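The shown structure was predicted, so the numbers you read here are calculated from the model rather than taken from an experiment.
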Amino acid sequence: TPPALGQPQADPTHTSNFGVKLQERLQGVGVDCELVYPGAPNVKHPHPYEFLIERLLNPANSTGAGVRSRSKIPPAGFCYQMQWKGHLVDDPNFFTWSHCGLQGPDGRFHLFGERVESEAIQRNHLNIGLGLITCAEIAHYVADQPEGPYRFADVPLKRGQADEFDPSMIYPTVCQDGERWVMMYNGVSSRNGETYWRAGLAVADSLDGPWRKLGVVLDPAEAARHYGPGAPIHVPTFLPFRGKWYAYFHTGPTRPSGYGVPNWGPDGTDCIGVAVADRPEGPWKFMDQPAFLQPTPGKKGGHLTVEDV
(Lines give C-alpha, C1' and ligand atoms only; values in the text may rest on other atoms or scores of the structure.)
Protein backbone atom coordinates (compact mmCIF):
# COMPACT_ATOMS: atom_id res chain seq x y z
CA THR A 1 0.00 0.00 0.00
CA PRO A 2 1.12 3.64 -0.40
CA PRO A 3 3.14 5.20 2.41
CA ALA A 4 1.25 6.47 5.45
CA LEU A 5 3.97 8.01 7.58
CA GLY A 6 3.04 8.52 11.19
CA GLN A 7 0.19 5.99 11.05
CA PRO A 8 0.29 2.73 13.09
CA GLN A 9 1.31 -0.33 11.08
CA ALA A 10 0.83 -3.99 12.01
CA ASP A 11 4.17 -4.93 10.47
CA PRO A 12 6.26 -1.75 10.02
CA THR A 13 9.35 -3.34 8.46
CA HIS A 14 7.31 -4.75 5.58
CA THR A 15 5.48 -1.55 4.59
CA SER A 16 6.26 1.22 2.13
CA ASN A 17 6.77 3.47 5.19
CA PHE A 18 9.96 1.55 5.88
CA GLY A 19 10.91 1.92 2.22
CA VAL A 20 10.53 5.70 2.32
CA LYS A 21 12.86 6.07 5.30
CA LEU A 22 15.31 3.48 3.98
CA GLN A 23 15.49 5.30 0.66
CA GLU A 24 16.20 8.59 2.48
CA ARG A 25 19.11 7.03 4.37
CA LEU A 26 20.54 5.28 1.31
CA GLN A 27 20.41 8.37 -0.86
CA GLY A 28 21.97 10.34 1.97
CA VAL A 29 25.11 8.22 1.76
CA GLY A 30 25.20 8.04 -2.03
CA VAL A 31 23.58 4.65 -2.62
CA ASP A 32 21.27 4.58 -5.61
CA CYS A 33 17.86 2.99 -5.10
CA GLU A 34 14.28 3.06 -6.29
CA LEU A 35 11.13 2.74 -4.19
CA VAL A 36 8.35 0.70 -5.78
CA TYR A 37 4.88 0.07 -4.37
CA PRO A 38 1.37 -0.04 -5.90
CA GLY A 39 0.70 3.40 -7.36
CA ALA A 40 4.27 4.67 -6.90
CA PRO A 41 5.12 7.55 -9.28
CA ASN A 42 7.89 7.56 -11.89
CA VAL A 43 8.71 3.85 -11.63
CA LYS A 44 11.47 2.88 -14.05
CA HIS A 45 12.16 -0.67 -12.83
CA PRO A 46 8.94 -2.40 -11.69
CA HIS A 47 10.88 -5.53 -10.65
CA PRO A 48 14.09 -5.90 -8.59
CA TYR A 49 15.80 -8.06 -11.21
CA GLU A 50 15.51 -5.28 -13.81
CA PHE A 51 17.22 -2.82 -11.44
CA LEU A 52 19.90 -5.39 -10.53
CA ILE A 53 20.78 -6.30 -14.11
CA GLU A 54 21.06 -2.67 -15.18
CA ARG A 55 23.29 -1.84 -12.22
CA LEU A 56 25.55 -4.81 -12.87
CA LEU A 57 25.91 -3.89 -16.52
CA ASN A 58 26.14 -0.13 -15.95
CA PRO A 59 27.30 0.49 -12.36
CA ALA A 60 28.00 4.19 -12.97
CA ASN A 61 24.44 4.94 -14.09
CA SER A 62 21.92 6.30 -11.66
CA THR A 63 18.18 6.95 -11.70
CA GLY A 64 17.60 7.75 -8.02
CA ALA A 65 16.82 11.41 -7.35
CA GLY A 66 20.05 12.71 -8.86
CA VAL A 67 22.26 10.46 -6.74
CA ARG A 68 25.23 8.97 -8.60
CA SER A 69 26.46 5.51 -7.71
CA ARG A 70 29.77 5.48 -5.81
CA SER A 71 30.55 1.89 -6.63
CA LYS A 72 34.22 1.38 -7.48
CA ILE A 73 33.86 -2.33 -8.16
CA PRO A 74 33.93 -3.12 -11.90
CA PRO A 75 31.29 -5.55 -13.13
CA ALA A 76 32.37 -9.15 -13.62
CA GLY A 77 32.49 -10.49 -17.14
CA PHE A 78 29.48 -12.73 -16.67
CA CYS A 79 27.31 -9.66 -15.98
CA TYR A 80 27.37 -8.78 -19.68
CA GLN A 81 25.81 -12.15 -20.49
CA MET A 82 22.98 -11.99 -17.95
CA GLN A 83 19.47 -12.46 -19.26
CA TRP A 84 16.19 -12.59 -17.39
CA LYS A 85 14.73 -16.09 -17.85
CA GLY A 86 11.51 -15.66 -15.90
CA HIS A 87 10.21 -17.14 -12.68
CA LEU A 88 11.58 -20.57 -11.84
CA VAL A 89 8.48 -22.01 -10.20
CA ASP A 90 4.87 -21.70 -11.32
CA ASP A 91 2.90 -23.86 -8.91
CA PRO A 92 -0.82 -23.20 -9.50
CA ASN A 93 -2.88 -22.45 -6.40
CA PHE A 94 0.17 -22.02 -4.17
CA PHE A 95 2.35 -19.18 -2.91
CA THR A 96 5.98 -20.36 -3.17
CA TRP A 97 9.26 -18.85 -1.98
CA SER A 98 12.71 -19.42 -0.39
CA HIS A 99 14.03 -22.08 -2.74
CA CYS A 100 17.31 -23.95 -2.38
CA GLY A 101 18.68 -25.14 -5.73
CA LEU A 102 21.29 -27.77 -6.60
CA GLN A 103 22.22 -30.24 -9.31
CA GLY A 104 21.83 -33.91 -8.49
CA PRO A 105 24.02 -36.84 -9.57
CA ASP A 106 21.39 -37.65 -12.20
CA GLY A 107 22.17 -34.37 -13.97
CA ARG A 108 18.77 -32.87 -13.17
CA PHE A 109 18.30 -29.64 -11.23
CA HIS A 110 16.34 -29.71 -7.99
CA LEU A 111 14.60 -26.96 -6.04
CA PHE A 112 13.35 -27.31 -2.47
CA GLY A 113 11.21 -24.53 -1.06
CA GLU A 114 8.13 -23.81 1.00
CA ARG A 115 4.65 -23.30 -0.34
CA VAL A 116 1.29 -22.32 1.13
CA GLU A 117 -2.04 -23.15 -0.49
CA SER A 118 -3.71 -19.94 -1.67
CA GLU A 119 -7.14 -21.22 -0.68
CA ALA A 120 -5.95 -21.95 2.86
CA ILE A 121 -4.80 -18.35 3.29
CA GLN A 122 -8.12 -17.00 2.06
CA ARG A 123 -10.20 -19.52 4.00
CA ASN A 124 -8.47 -18.77 7.29
CA HIS A 125 -8.21 -15.01 6.65
CA LEU A 126 -4.42 -15.08 6.88
CA ASN A 127 -1.76 -12.83 5.44
CA ILE A 128 1.32 -14.38 3.85
CA GLY A 129 3.32 -14.08 7.07
CA LEU A 130 0.74 -15.94 9.13
CA GLY A 131 0.33 -18.53 6.39
CA LEU A 132 4.07 -19.09 6.52
CA ILE A 133 4.04 -19.93 10.24
CA THR A 134 0.84 -21.96 10.32
CA CYS A 135 0.39 -24.09 7.20
CA ALA A 136 3.50 -24.10 4.98
CA GLU A 137 4.97 -27.29 3.57
CA ILE A 138 8.23 -28.04 1.76
CA ALA A 139 7.87 -28.87 -1.92
CA HIS A 140 10.35 -30.42 -4.38
CA TYR A 141 10.61 -29.34 -8.03
CA VAL A 142 12.84 -30.69 -10.83
CA ALA A 143 14.07 -29.46 -14.21
CA ASP A 144 16.45 -30.60 -16.93
CA GLN A 145 18.27 -27.25 -17.02
CA PRO A 146 18.93 -24.63 -14.35
CA GLU A 147 16.53 -22.03 -15.78
CA GLY A 148 13.67 -24.54 -15.88
CA PRO A 149 10.86 -25.08 -16.52
CA TYR A 150 10.58 -26.70 -13.08
CA ARG A 151 7.96 -29.36 -12.52
CA PHE A 152 6.42 -30.21 -9.17
CA ALA A 153 7.81 -33.58 -8.06
CA ASP A 154 6.65 -34.28 -4.52
CA VAL A 155 6.29 -33.10 -0.94
CA PRO A 156 9.39 -34.66 0.63
CA LEU A 157 8.33 -34.20 4.28
CA LYS A 158 4.93 -34.31 5.92
CA ARG A 159 4.05 -31.43 8.18
CA GLY A 160 4.16 -32.26 11.88
CA GLN A 161 1.10 -32.50 14.10
CA ALA A 162 -0.07 -29.51 16.14
CA ASP A 163 1.79 -30.75 19.23
CA GLU A 164 5.08 -31.29 17.34
CA PHE A 165 7.80 -28.76 16.54
CA ASP A 166 7.06 -28.49 12.80
CA PRO A 167 3.34 -28.15 11.92
CA SER A 168 4.65 -25.50 9.52
CA MET A 169 7.89 -26.13 7.61
CA ILE A 170 9.89 -23.41 5.84
CA TYR A 171 13.35 -22.28 4.67
CA PRO A 172 14.93 -25.61 3.60
CA THR A 173 18.64 -25.96 2.82
CA VAL A 174 19.91 -29.18 1.25
CA CYS A 175 23.55 -30.37 1.26
CA GLN A 176 25.34 -33.57 0.31
CA ASP A 177 27.03 -35.48 3.12
CA GLY A 178 29.00 -38.39 1.69
CA GLU A 179 26.57 -40.80 0.08
CA ARG A 180 23.49 -39.20 1.59
CA TRP A 181 21.59 -35.88 1.46
CA VAL A 182 20.72 -33.77 4.48
CA MET A 183 18.07 -31.06 4.78
CA MET A 184 17.94 -28.40 7.50
CA TYR A 185 14.67 -26.49 7.76
CA ASN A 186 12.70 -24.22 10.05
CA GLY A 187 10.00 -25.94 12.07
CA VAL A 188 7.44 -23.41 13.34
CA SER A 189 4.79 -24.06 15.96
CA SER A 190 2.44 -21.95 18.07
CA ARG A 191 1.20 -22.47 21.58
CA ASN A 192 -0.77 -20.15 23.86
CA GLY A 193 -0.21 -17.23 21.52
CA GLU A 194 3.56 -17.74 21.33
CA THR A 195 5.44 -18.74 18.17
CA TYR A 196 8.42 -21.12 18.40
CA TRP A 197 11.15 -21.36 15.75
CA ARG A 198 13.45 -24.38 15.70
CA ALA A 199 15.76 -26.02 13.17
CA GLY A 200 14.97 -29.58 12.18
CA LEU A 201 16.97 -32.08 10.14
CA ALA A 202 15.98 -34.75 7.64
CA VAL A 203 18.10 -37.25 5.68
CA ALA A 204 17.71 -39.25 2.46
CA ASP A 205 19.79 -41.47 0.20
CA SER A 206 18.43 -39.65 -2.86
CA LEU A 207 17.15 -36.18 -3.64
CA ASP A 208 13.96 -37.94 -4.71
CA GLY A 209 13.59 -39.38 -1.20
CA PRO A 210 12.26 -40.91 0.82
CA TRP A 211 13.25 -38.35 3.47
CA ARG A 212 13.38 -39.25 7.15
CA LYS A 213 13.01 -36.69 9.92
CA LEU A 214 15.60 -36.69 12.70
CA GLY A 215 13.91 -34.03 14.81
CA VAL A 216 15.20 -30.77 16.31
CA VAL A 217 18.94 -30.08 15.98
CA LEU A 218 19.06 -26.35 16.85
CA ASP A 219 16.88 -25.38 19.80
CA PRO A 220 16.05 -21.83 20.96
CA ALA A 221 16.53 -22.87 24.59
CA GLU A 222 20.26 -23.30 23.93
CA ALA A 223 20.46 -20.22 21.68
CA ALA A 224 18.93 -18.08 24.43
CA ARG A 225 21.97 -18.69 26.64
CA HIS A 226 24.15 -17.07 24.00
CA TYR A 227 21.98 -14.54 22.16
CA GLY A 228 19.38 -13.32 24.66
CA PRO A 229 16.00 -14.36 26.11
CA GLY A 230 13.51 -15.75 23.67
CA ALA A 231 16.13 -16.07 20.92
CA PRO A 232 14.62 -18.10 18.07
CA ILE A 233 16.30 -20.12 15.35
CA HIS A 234 15.07 -18.18 12.31
CA VAL A 235 16.01 -18.89 8.67
CA PRO A 236 18.70 -21.51 9.42
CA THR A 237 21.19 -22.62 6.80
CA PHE A 238 24.23 -24.88 7.02
CA LEU A 239 27.26 -26.08 5.08
CA PRO A 240 30.38 -28.24 5.51
CA PHE A 241 33.79 -26.57 5.74
CA ARG A 242 37.17 -28.15 6.54
CA GLY A 243 35.79 -31.18 8.30
CA LYS A 244 33.14 -29.33 10.33
CA TRP A 245 29.53 -28.31 9.80
CA TYR A 246 28.56 -24.68 10.32
CA ALA A 247 25.00 -23.46 10.85
CA TYR A 248 24.00 -19.81 10.57
CA PHE A 249 20.65 -18.37 11.64
CA HIS A 250 18.90 -15.11 12.43
CA THR A 251 18.37 -14.72 16.16
CA GLY A 252 18.34 -12.30 19.09
CA PRO A 253 16.10 -11.21 21.98
CA THR A 254 12.46 -11.02 20.96
CA ARG A 255 9.19 -9.49 22.07
CA PRO A 256 5.62 -10.57 21.15
CA SER A 257 4.57 -9.91 17.58
CA GLY A 258 1.03 -10.09 16.26
CA TYR A 259 2.43 -10.64 12.77
CA GLY A 260 3.79 -14.01 13.80
CA VAL A 261 7.43 -13.58 12.84
CA PRO A 262 10.20 -12.69 15.31
CA ASN A 263 9.85 -9.07 16.41
CA TRP A 264 13.35 -7.87 17.21
CA GLY A 265 14.21 -5.29 19.77
CA PRO A 266 13.73 -3.12 21.45
CA ASP A 267 17.48 -2.78 21.89
CA GLY A 268 18.36 -3.75 18.31
CA THR A 269 20.58 -6.69 19.25
CA ASP A 270 19.43 -9.10 16.57
CA CYS A 271 22.28 -10.94 14.91
CA ILE A 272 23.39 -13.87 12.77
CA GLY A 273 24.17 -16.66 15.22
CA VAL A 274 26.61 -19.50 14.60
CA ALA A 275 26.75 -23.13 15.69
CA VAL A 276 29.39 -25.79 14.87
CA ALA A 277 29.17 -29.60 14.79
CA ASP A 278 31.14 -32.62 13.59
CA ARG A 279 28.05 -34.07 11.91
CA PRO A 280 24.76 -32.56 10.66
CA GLU A 281 22.91 -34.46 13.40
CA GLY A 282 25.00 -32.67 16.02
CA PRO A 283 25.48 -32.13 18.81
CA TRP A 284 25.79 -28.49 17.81
CA LYS A 285 27.86 -26.06 19.86
CA PHE A 286 26.62 -22.48 19.81
CA MET A 287 29.30 -19.83 19.47
CA ASP A 288 29.23 -16.98 22.00
CA GLN A 289 30.14 -14.41 19.35
CA PRO A 290 27.70 -13.97 16.45
CA ALA A 291 28.85 -13.92 12.85
CA PHE A 292 27.25 -10.53 12.38
CA LEU A 293 25.67 -8.11 14.85
CA GLN A 294 23.04 -5.50 14.12
CA PRO A 295 25.20 -2.38 13.69
CA THR A 296 22.84 0.15 15.28
CA PRO A 297 22.30 -0.98 18.89
CA GLY A 298 19.70 0.96 20.81
CA LYS A 299 17.47 1.52 17.79
CA LYS A 300 14.41 -0.38 16.64
CA GLY A 301 13.86 -1.59 13.12
CA GLY A 302 17.14 -3.43 12.58
CA HIS A 303 15.25 -6.56 11.56
CA LEU A 304 15.96 -6.45 7.83
CA THR A 305 19.62 -5.58 8.24
CA VAL A 306 20.63 -9.07 9.33
CA GLU A 307 17.55 -11.19 8.69
CA ASP A 308 18.46 -13.80 6.09
CA VAL A 309 21.68 -15.69 5.43
Next on the checklist: Strictly below 4.0 Å, N to O, side chains only: are D166 and K213 in salt-bridge contact?
Outcome noted: yes

Next on the checklist: Quick check: closest heavy atoms across S168 and C135, and the distance to 0.1 Å?
Outcome noted: OG-N, 3.6 Å

Item to check | Exam field: side chain T173 to backbone F238, donor-acceptor pair closer than 3.5 Å | outcome: no

Checklist entry - Is there a side-chain contact between R108 and D208 (heavy atoms, below 4.5 Å)? => result yes

Checklist entry - Between atom CG of L111 and atom OG1 of T96, what is the distance when rounded to the nearest 0.5 Å? => result 9.5 Å

Next on the checklist: Atom CG of residue position D205 - does it have more than 12 heavy atoms of other residues, nucleotides or ligands inside 6.0 Å?
Outcome noted: no

Checklist entry - Which heavy atom of P3 sits nearest a heavy atom of S16, and at what distance? => result N-OG, 3.0 Å

Item to check | Rounded distance [0.5 Å steps], SG in C175 versus CG in L102 | outcome: 8.5 Å

Next on the checklist: Go through it in stages, so that I can follow the logic: the residues are V216 and D219, the test is side-chain contact (heavy atoms from CB on, under 4.5 Å), and I'd like the CA-CA distance, side-chain angles, deciding distance and then a yes or no.
Outcome noted: CA-CA 7 Å; V216 175; D219 194 292; 4.0 Å; yes

Item to check | E50 side chain vs H47 backbone, donor-acceptor pair below 3.5 Å | outcome: yes

Item to check | I233 CD1 to Y248 OH distance, which is reported to the nearest 0.5 Å | outcome: 14.5 Å

Checklist entry - Looking only at heavy atoms, what is the nearest atom pair of P38 and P2, with distance? => result O-CG, 4.0 Å

Checklist entry - What's the verdict on side-chain contact (heavy atoms from CB on, under 4.5 Å) for Y150 and F109, showing C-alpha distance, side-chain angles and the deciding distance? => result CA-CA 8 Å; Y150 282 85; F109 294 86; 3.5 Å; yes

Checklist outcome for this item: Closest non-hydrogen atoms of W211 and L157, given as atom of the first, atom of the second and distance, are CB-CD2, 3.5 Å

Next on the checklist: Checking T15 against T1 for the side-chain contact (heavy atoms from CB on, under 4.5 Å) test, could you report, in this order, the C-alpha distance in whole Å, the side-chain angles of both residues, the deciding distance, and whether it holds?
Outcome noted: CA-CA 7 Å; T15 66; T1 58; 5.9 Å; no

Item to check | Heavy-atom check, side chain of L88 versus side chain of H99, under 4.5 Å | outcome: no

Next on the checklist: Donor-acceptor check, side chain of Q145 to backbone of G148, threshold 3.5 angstrom: yes or no?
Outcome noted: yes

Next on the checklist: Hydrophobic cluster membership, with links at side-chain heavy-atom distances under 4.5 Å among I/L/V/M/F/W/Y: are L218 and F165 in one?
Outcome noted: no

Checklist entry - Do P156 and I138 come within less than 4.5 Å of each other through their side chains, counting heavy atoms only? => result yes

Item to check | Test item: M184 and P172 side chains (from C-beta on) under 4.5 Å apart, heavy atoms | outcome: no

Next on the checklist: If I compare all heavy atoms of D278 with all of W245, which pair ends up nearest, and what's the gap?
Outcome noted: O-CD1, 3.7 Å

Next on the checklist: Quick one: does any side-chain atom of D177 pair with a main-chain N or O of V182 as donor and acceptor, under 3.5 Å?
Outcome noted: no

Item to check | With E137, the side-chain hydrogen bond (donor to acceptor under 3.5 Å, both in side chains) member among R159, K158, R115 | outcome: R115

Next on the checklist: How long is the straight-line distance from CG of N17 back to CG of L22, given to the nearest 0.5 Å?
Outcome noted: 12.5 Å

Next on the checklist: Would V89 and F94 count as a side-chain contact (heavy atoms from CB on, under 4.5 Å) here? Give the steps.
Outcome noted: CA-CA 10 Å; V89 174; F94 287 89; over 6 Å; no

Next on the checklist: Looking at Q161, is its backbone amide N or carbonyl O close enough to the side chain of E164 to form a donor-acceptor pair, meaning the two atoms are under 3.5 Å apart?
Outcome noted: yes

Item to check | W181 CH2 to S206 OG distance, which is reported to the nearest 0.5 Å | outcome: 8.5 Å

Item to check | Listed partners of E281 passing salt bridge (charged side-chain N to carboxylate O under 4.0 Å, His left out), at least two apart | outcome: R180, R279

Checklist entry - Side chains of R198 and N186: does their closest heavy-atom pair fall under 4.5 Å? => result no

Next on the checklist: Taking the basic N atoms (NZ, or NE/NH1/NH2) and the acidic carboxylate oxygens, is any pair closer than 4.0 Å for E34 and K44?
Outcome noted: no

Item to check | Transitive ILVMFWY side-chain link V174 to V235, under 4.5 Å | outcome: no

Checklist entry - Just wondering, do I170 and S98 contact through their side chains at under 4.5 Å, heavy atoms? => result no

Next on the checklist: Classify the ring geometry of H110 against H140: parallel below 30°, tilted from 30° to 60°, perpendicular beyond 60°.
Outcome noted: parallel

Item to check | Same apolar cluster: L207 and M183, side chain cutoff 4.5 Å | outcome: yes

Checklist entry - Any Lys/Arg nitrogen of R151 or D90 sitting under 4.0 Å from an Asp/Glu carboxylate oxygen of the other? => result no

Next on the checklist: Please tell me whether L239 and L214 are part of a single hydrophobic cluster in this structure, the criterion being side-chain heavy atoms less than 4.5 Å apart.
Outcome noted: yes

Checklist entry - Going only through I, L, V, M, F, W and Y residues with side-chain contacts under 4.5 Å, is there a path from V116 to V155? => result no

Next on the checklist: Is the ring pair W197/Y171 parallel, tilted or perpendicular, if the boundaries are 30 and 60 degrees?
Outcome noted: parallel

Item to check | Taking every non-hydrogen atom, the tightest pair across W284 and Y246 | outcome: CZ3-C, 3.9 Å

Item to check | Co-members of the apolar cluster containing V43 [side chain, <4.5 Å] | outcome: V36

Item to check | Side chain to side chain, F152 and V142, heavy atoms closer than 4.5 Å | outcome: no

Checklist entry - Is there side-chain contact between N93 and E119, with at least one heavy-atom pair below 4.5 Å? => result no

